[in-house]
Each structure stands twice: as structure tokens, then as C-alpha cells.
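Order of appearance sets the numbers: ligands from 1, and atoms from 1 within every ligand. As a basis for the values below, the full set of heavy atoms in this structure was taken, side chains included, without hydrogen atoms, waters or symmetry mates.
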Amino acid sequence: MVFACFIFTVNVGFKHIIWLSPLKSALVIKLKRPYILAIFVDNQIILKEFLMKIFIDTANLNEIKEAASFGILDGVTTNPSLMAKEGHKDVRKTYEEICKIVSGPVSAEVVSTDYEGIVKEGRELSKIAPNIYVKVPLIIEGLKAVKTFADEGIRTNFTLCFTPSQAVLAAKAGATIISPFIGRLDDISQDGMQLIEQIVQIYGNYGYETEILVASVRHPMHFVDSCLIGADICTIPFNVIKQLVKHPLTDMGLEKFLADWKKNQG
Ligand code: E4P
């Protein structure tokens with residue numbers, strides 16, 4: 001049996017809500033939005049939309065393939081610097097390759113800075129694959145272009161966000177994703193995570209649909225804090241994704257278990 005249910009919860013902010021489905025299974029949801037869509041399939045709730053999503057922040061195809069093989073990858077972000085680092089001259093071909101590996105959102109950044117140019121480039125990029133999100137710089141021309149893309153049903157990712165006011169305008173323009181760059185703020189002695197807290201609160205206050213993607217991640221604590229604050233997505237360099245799973249006590253413990261098992265065998 002499949003059914004869906006809207007729960008309207010105006011102004012509940014971050015409170016937990018306990019809700020009983022008609023089949024009497026208790027559900028606890030940490031609400032971030034004024035409303036939430038709960039979908040049930042045979043009494044199992046599908047909460048994928050409300051889970052922290054992990055994207056890889058790279059244009060390196062081998063890294064994307066390997067991260068995808070871990071089974072935890074939800075999407076990919078790239079930018080012109082990451083493309084240049086890998087020496088990808090034919091970016092269209094690179095996006096085609098990436099979209100063959102990953103079915104989730106793949107951000108493809110425009111390099112135009114005027115409205116007409118951004119719209120033209122974005123429309124072309126959006127034709128590459130259905131999972132392309134057009135990545136647009138958070139400037140006035142970008143706002144105008146994102147509004148047009150939203151009207152045309154083209155999904156977008158606003159990049160280079162450094163203030164809560166930019167994030168509000170991005171949401172009002174209809175951006176699908178906002179990318180606050182926390183590492184670059186930390187680099188200039190400003191607390192990047194504070195920006196995420198502010199955007200999460202503001203979007204929660206008004207129920208903006210725009211997803212908050214934590215970008216410019218430098219280390220595992222950025223990921224942990226993003227989860228604690230309740231961001232929607234974290235885009236992470238490949239070396240940091242691998243760090244997320246590492247712990248010396250896990251390695252030492254495993255070594256001891258295997259040694260004891262071997263001793264016991266014979
Ligand atoms: C991703 O969308 C951003 O372009 C990227 O995270 C920026 O990271 P950096 O600040 O390490 O260049």
C-alpha cells in the first residue's frame with residue numbers, strides 16, 4: 001500500500017513531532033520546514049529527501065567512480081577550478097561521463113556573468129542529462145537568470161554564497177540549492193559554520209524550499225557540524241570522504257579481532 005500525507009506544522013521550527021500513521025507506527029521527525037511530505041510504502045516511511053546527502057566535490061572521474069562504489073554518494077559538485085585541475089578541456093564531455101556514473105544531482109557551473117550568457121549556457125548544460133543542476137554565481141545577473149531557470153523548470157545551484165542575505169535572495173529567486181562556502185570563510189578567520197546555522201534558521205522561519213549545500217569543506221568536523229545543524233547536503237573532497245570512516249581504534253580493534261580469530265583457529 002502506498003500513500004502520502006502532508007503534515008502542516010507552521011512555526012514549529014526544530015521541535016520533534018511524534019506522529020502516528022493510520023497503521024499505528026510511531027514516527028519521529030525533526031522538522032526543518034513548515035511542512036513535510038511523508039510517503040509510506042507498506043507502512044515503511046521513505047525519508048530519503050530528509051536525510052543528509054553526501055556529494056563529492058571533484059571533477060576527477062576515478063575519484064567519483066570510487067566514491068560511488070562506497071554506496072553512500074548522492075551527487076557531484078564541480079567548478080571551473082576543479083575542471084582545470086584535472087585538465088578537462090571538453091567540459092561537456094566530462095559532465096556526460098560524470099552523469100553516467102552518478103544518477104543524483106551533478107552541478108555544472110556556467111562561466112558567463114551576464115544574464116543572457118548565463119541563461120544561454122545554463123540551458124545548454126541542462127540538456128546534457130536530466131540530473132544536471134546549473135551552477136550560477138550569486139551576483140545580480142545570476143539572480144535574474146535563476147528566476148528564469150526556475151520558471152523553465154531547470155534546477156539550479158547558487159554558488160559563492162558568503163552571507164545570509166545572499167542566501168535569502170537565492171531562495172526568493174527560486175534556487176534549488178544554495179552553496180555557502182564555509183572553508184573560505186574559515187580561511188579569513190570568520191566562522192563558516194555560523195553562516196550555515198543562520199541560513200538553516202532563516203529558511204526554517206519562512207519555509208524556503210531551497211536546499212542548503214555546505215561547500216568548501218576542509219575536514220570531517222565540517223561534515224559533523226553540518227549534520228548537527230541540519231544542513232541538507234555536504235559536498236566533500238574525496239580525501240575527506242575517506243577520512244570520515246577512519247578511526248585508529250577501529251583499525252586496532254579489527255587487527256586484534258583478526259589476530260585472536262587466527263590464534264583460536266590453530
Ligand atoms: C563546490 O560547490 C565549491 O565550488 C567548492 O566546494 C569550493 O571549494 P574550495 O573553497 O575548497 O575551492
- Are L169 and F162 joined in one hydrophobic group, where the rule is that I, L, V, M, F, W and Y side chains link up if heavy atoms are under 4.5 Å apart? yes
- Passes salt bridge (charged side-chain N to carboxylate O under 4.0 Å, His left out), E124 versus K127? Steps please. CA-CA 5 Å; E124 283 307 311; K127 285 182 202 147; 3.2 Å; yes
Contact table, ligand 1 N/O with protein N/O, distance under 3.5 Å:
residue: ligand 1; atom: 2 (O); partner: K135; partner atom: NZ; Å: 2.7
residue: ligand 1; atom: 4 (O); partner: N79; partner atom: ND2; Å: 2.7
residue: ligand 1; atom: 4 (O); partner: K135; partner atom: NZ; Å: 3.1
residue: ligand 1; atom: 6 (O); partner: D57; partner atom: OD2; Å: 2.6
residue: ligand 1; atom: 6 (O); partner: S216; partner atom: N; Å: 2.8
residue: ligand 1; atom: 10 (O); partner: R184; partner atom: NE; Å: 2.7
residue: ligand 1; atom: 10 (O); partner: S216; partner atom: OG; Å: 2.7
residue: ligand 1; atom: 10 (O); partner: R218; partner atom: NH1; Å: 3.4
residue: ligand 1; atom: 11 (O); partner: R218; partner atom: NH1; Å: 2.7
residue: ligand 1; atom: 12 (O); partner: R184; partner atom: NH2; Å: 2.8

- Item | Side chain proximity check, F55 to D74, heavy atoms < 4.5 angstrom | yes
- Item | Pairwise side chain to side chain donor-acceptor pair (under 3.5 Å) hits with a residue in residues 167-182, at least two apart | N157-S179
- Is a salt bridge present between D260 and K263, judged by a nitrogen-to-oxygen distance below 4.0 Å? yes
- Item | Charged N-O contact under 4.0 Å between E97 and K100 | yes
